[in-house]
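Worksheet: one structure, shown below.
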Amino acid sequence: MDDFNASKPIYLQLADRINRQIVSKELKAGEKLPSVRDMGIKYSVNPNTIQRTYSELEREGILETRRGQGTFVTEQEDRLVQQREHLKHEQIQLFVEVMQEMGYSSSEMISGLKDHLDKFEIGDEQRDSND
Amino acid sequence: MRAWAALLKKDFKLTRTVFFVGLVINLLMVMLTIYLGTIAGNTLLMFIPLVVAVVFHALYVPIIVFISLRIEVNQLHLWLHNPQPASTLLISKIVNGLIMIVISLLMLYVMSGLLVIPKFNLFEAYWADTWISALIIFPHIIMISTAIGVWVLFLWALFQFVKNTIGRWSWLVVIGAVIIPPWASALFESTNLYRLVTRWGNITYDFPTFSIDPLQTYAGEYLYNFIIIIGVFFLTAWIMDNKVEV
Amino acid sequence: MIQMTNVSKKYMKQSALKDISLSLPIGKIIGIVGENGSGKSTLLRLISGLSLPTSGSVTVNGERANRRISKVVSYLSEVGSFYHIYTVKEAMDFQASQFTDFNMAKADEIMKFMQLEPDMKIKNLSKGNRGRLKIMLTLAREVPYLLMDEPFSGLDPMVRESIVRGMISYVDLESQTLIMTCHETTEIESLLDSFIAIKEGSLLRMADVEELHELEGLSITGWMKKNYV
């Protein structure tokens with residue numbers, strides 16, 4: 001059974017998961033999502049909650065519901081690119097806030113991040129091979 | 001109809017073990033009769049076990065009904081969580097008892113018949129009265145047994161009703177319900193009103209070769225008893241639909 | 001709609017429920033939570049009409065609940081399984097004969113999903129399989145209200161998980177509401193729309209689970225720890 005964090009609504013946690021799957025191209029533009037019920041079975045989550053997740057993402061323009069056909073990832077690439085940027089900023093902002101709280105300066109953060117990426121050689125290389 | 005047939009089938013399955021045990025007891029009674037015939041020689045006394053077996057059938061339907069209720073009470077929600085009215089659920093238990101008692105009595109009668117044939121000389125003098133009385137006893141045992149069966153349903157439902165409200169004194173209520181109705185009924189039967197209401201449709205059971213007085217009854221009395229049993233039955237159904245809780 | 005108005009229930013002098021008023025709509029999965037003996041099961045039985053209130057009223061779709069409300073309510077009891085005289089298939093046939101809304105095709109599907117065999121004798125079933133059988137017989141009815149008393153109690157985690165999946169698959173939230181009592185909520189928190197918390201026979205709270213997450217940042221278990229001391 002999937003674990004969810006109690007401090008955030010489950011429907012938003014599921015929206016985050018779907019967003020990440022879209023950004024990482026696990027879910028592609030125009031791809032059909034499982035039905036509300038199948039998604040519910042997959043995560044052991046109430047179908048009403050899944051419906052709320054889908055509605056929320058639809059409102060944000062990430063998903064589209066086609067009458068009688070189901071729910072799809074939007075085919076509007078620009079919206080997905082925008083979402084990709086949005087998630088990036090969100091993560092960076094979170095990182096920066098935590099670092100600032102602990103008293104790191106901007107240059108410390110930049111050099112630290114650079115060192116980290118150099119050391120583990122992750123990031124671009126892997127990203128490229130994915131595309 | 002489908003629902004009712006399935007209920008009856010279920011009630012039969014719940015009590016079939018008792019039914020088959022009953023048939024085996026019948027068989028043992030027949031064997032006892034044969035045995036008595038060999039040691040006691042040609043006397044009517046050998047038929048006592050068979051007569052006892054037939055008379056005890058007055059308790060047949062109540063026993064079947066009681067055992068059936070005992071099984072239901074373990075998972076009472078299964079029986080009560082059902083959209084059929086209580087009268088349907090209850091009539092199935094009574095009809096099940098009726099089917100079983102008829103089969104059991106028929107078995108006894110057929111076997112008695114087979115035993116009587118070789119001993120026909122013992123009965124020759126009062127043969128006509130013997131088979132007529134047997135014929136009359138048969139429906140009467142069934143009627144009495146069914147009536148007691150309905151009373152068992154009533155006492156059970158009453159107990160289920162009061163046990164949640166008065167708890168451990170419930171059995172006093174049940175004992176009261178066993179004692180008071182016959183007493184009240186006996187009181188009523190001694191009144192002129194009762195005679196007025198029931199003394200019509202004269203029926204006389206006369207057995208000239210038996211040395212007893214003719215038995216005098218009335219169709220009105222049968223109807224009176226029938227109406228009471230129907231009343232008790234529907235009162236039971238009402239208690240079950242409105243008062244019995246799981 | 002299930003409507004309870006000022007419902008109290010006493011057994012002899014013992015009070016089981018005190019002045020409960022609530023209404024439950026169609027299309028939800030609702031958990032009744034509380035400690036042992038708090039009155040959860042009594043609440044469920046009052047809705048099923050198998051128990052009757054000492055005062056106040058319980059109505060289902062506008063009709064006062066007594067045992068015959070079973071025509072719109074499918075009830076699963078915590079105790080027992082089914083008549084021992086039957087096999088799995090015979091139990092299904094019996095239910096279908098009593099309830100015109102019993103969907104045999106759905107029952108067959110749930111039976112396979114729950115890995116039950118039609119020829120299994122009920123008296124020989126393991127505890128886990130008895131739990132599955134009860135769920136199958138209850139879920140296969142196409143009624144507005146499904147009531148389950150401790151459907152997970154005493155079952156191992158694998159069985160529980162398959163039952164959760166079964167509920168999601170076979171409860172139609174367009175036309176049905178599932179109400180269940182549950183002792184342990186951690187595993188089914190994501191299954192519930194809302195919860196009813198009972199404490200010593202009184203209604204402590206009724207709320208949406210997501211509202212609890214959003215406004216208070218708590219799981220049901222976390223909330224219960226704070227409120228049942």
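The chains referred to below are lettered A, B, ... by the order of the sequence lines, with proteins before strands, and numbering in each begins at 1.
Heavy atoms closer than 4.5 Å to chain A are found in both the backbone and the side chain of Asp172(C). Proximity to chain A involves both the backbone and the side chain of Ile29(C), based on heavy atoms less than 4.5 angstrom apart.
Between atom CG of residue Asn46(A) and atom CG of residue Leu192(C) there is a gap of 7.5 Å, rounded to the nearest 0.5 Å. In this structure, Glu214(C) CD and Tyr11(A) OH are separated by 5.0 Å, a value rounded to the nearest 0.5 Å. Rounded to the nearest 0.5 angstrom, Met39(A) CE and Ile168(C) CD1 are separated by 12.0 Å. Glu210(C) CD to Lys8(A) NZ: the interatomic distance, rounded to the nearest 0.5 Å, is 11.5 Å.
Looking at heavy atoms from C-beta onward, Leu173(C) lies in side-chain contact with Asn48(A) at the 4.5 angstrom threshold. Here the side chains of Ile10(A) and Val209(C) are not in contact, with every heavy-atom distance at 4.5 Å or above.
Checked by atom type and distance alone, the side chain of Ser190(C) pairs as donor or acceptor with a backbone atom of Ser44(A) at under 3.5 Å.
The number of heavy-atom neighbours closer than 6.0 Å to NZ of Lys32(A), taken from other residues, nucleotides and ligands shown, is above 12. Counting non-hydrogen atoms of other residues, nucleotides and ligands closer than 6.0 Å to CE of Met102(A) gives a total above 12. Around CD of Gln115(C), the count of heavy atoms belonging to other residues, nucleotides or ligands within 6.0 Å does not exceed 12. Within 6.0 Å of atom CZ in Phe95(A), more than 12 heavy atoms from other residues, nucleotides or ligands are found, so the atom counts as buried in its surroundings. Other residues, nucleotides and ligands contribute only 12 or fewer heavy atoms inside 6.0 Å of the CD atom of Glu174(C).
Scored by the ring pair (Phe, Tyr, Trp, His ring centres under 6.0 Å) test, Tyr75(C) finds His81(B) as partners (sequence neighbours excluded).
Closest approach of Ile41(A) and Ser169(C) over heavy atoms only: CD1-OG, 3.1 Å. For Ser219(C) against Ala6(A), the heavy-atom pair with the smallest separation is N-CB, 3.4 Å.
Sorted by first then second residue, the salt bridge (Lys or Arg N to Asp or Glu O under 4.0 Å) pairs that include residues 26-51 of chain C, not counting sequence neighbours, are Lys40(C)-Glu150(C).
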